[in-house]
Amino acid sequence: MRHLITAGIAAAALTAGVTAPGADTVTYFGKLGDLYLYQASQDDGAWNVGDVVSLTGMDKLTSTLSPPGFGVAFNPYQAIWTCNQATNGDITFGVLSIEAAGSISWSIAADGGSSGSVTGPEYVPEPVTAILFSVGLLTLGVSARRRRAAGQSRLPGRV
């Protein structure tokens, strides 16, 4: 509970620095630990009862952070926020996920309806990780071979 309260305060602070887009959008704007923060905006600025914002394509979603006046339903792969109290302005919401990085599909089912994708923090590219691991193993092998070669030349009877 304390984590969600801290995240809510941080989300409000981060929202103050985000500029409002001119059309229906969902924008990623920050990460606090496993909490990924997003902002949704409608072109007319009004959220009516029954308006829906959804994010899909996530992995291992464990919890959500909802803006005032919105209810949420979620499973490990998607979250759907539904407006249950009319409000104006942009809304800030979050998902608590082990793997929410990368591109996530979004939709806003409101007046005209819109959809798209938003890219959050990226994963460490797997090829780069494999290269770094391989270079490390190669370095260990070369140094072990040098130590072994240096040790064998010191044995009696060897030059």
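Not measured: the values here are computed from a predicted model. The figures here come from the full heavy-atom set of this structure, side chains too, leaving out hydrogens, waters and symmetry mates.
- Two residues are said to be in side-chain contact when any heavy atoms from C-beta on lie closer than 4.5 Å; Thr119 and Ser103 meet this criterion.
- Side-chain polar atoms of Ser41 and Thr25 form no donor-acceptor pair below 3.5 angstrom.
- The aromatic rings of Trp81 and Phe93 sit tilted relative to each other, their planes meeting at an angle between 30° and 60°.
- Atom CD of residue Gln39 and atom OH of residue Tyr28 lie 13.5 Å apart, to the nearest 0.5 angstrom.
- Every residue meeting the side-chain contact (heavy atoms from CB on, under 4.5 Å) condition with Val52, not counting sequence neighbours, appears here in chain and number order: Ile80, Thr82, Ala109.
- A distance of 9.5 Å separates OG of Ser143 from CG of Leu138, quoted to the nearest 0.5 Å.
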Could you give the side-chain donor-acceptor pairs of residues 71-78 under 3.5 Å, partners two or more places apart or in another chain?
from, atom 1, to, atom 2, distance (Å)
Asn75, OD1, Tyr77, N, 2.7
Asn75, OD1, Gln78, N, 3.0

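- Minimum heavy-atom separation, Ala79 to Thr64: CB-CG2, 4.1 Å.
- If you take CG on Asp51 and CG on Asp24, they are separated by 9.0 Å, rounding to the nearest 0.5 Å.
- Between Leu61 and Tyr36 there is no side-chain heavy-atom pair separated by less than 4.5 Å.
- Taking each heavy atom of Met58 and Ile104 in turn, the nearest pair found is CG-CD1, 3.5 Å.
- Once rounded to the nearest 0.5 Å, the distance linking OG1 of Thr27 with CG of Leu37 reads 12.5 Å.
- Between Leu96 atom CG and Asp34 atom CG the span is 6.0 Å, to the nearest 0.5 Å.
- In this structure, Asp59 CG and Ile98 CD1 are separated by 10.0 Å, a value rounded to the nearest 0.5 Å.
- Taking the six-membered ring wherever Trp is involved, the centroid distance between the rings of Trp106 and Tyr38 does not fall below 6.0 Å.
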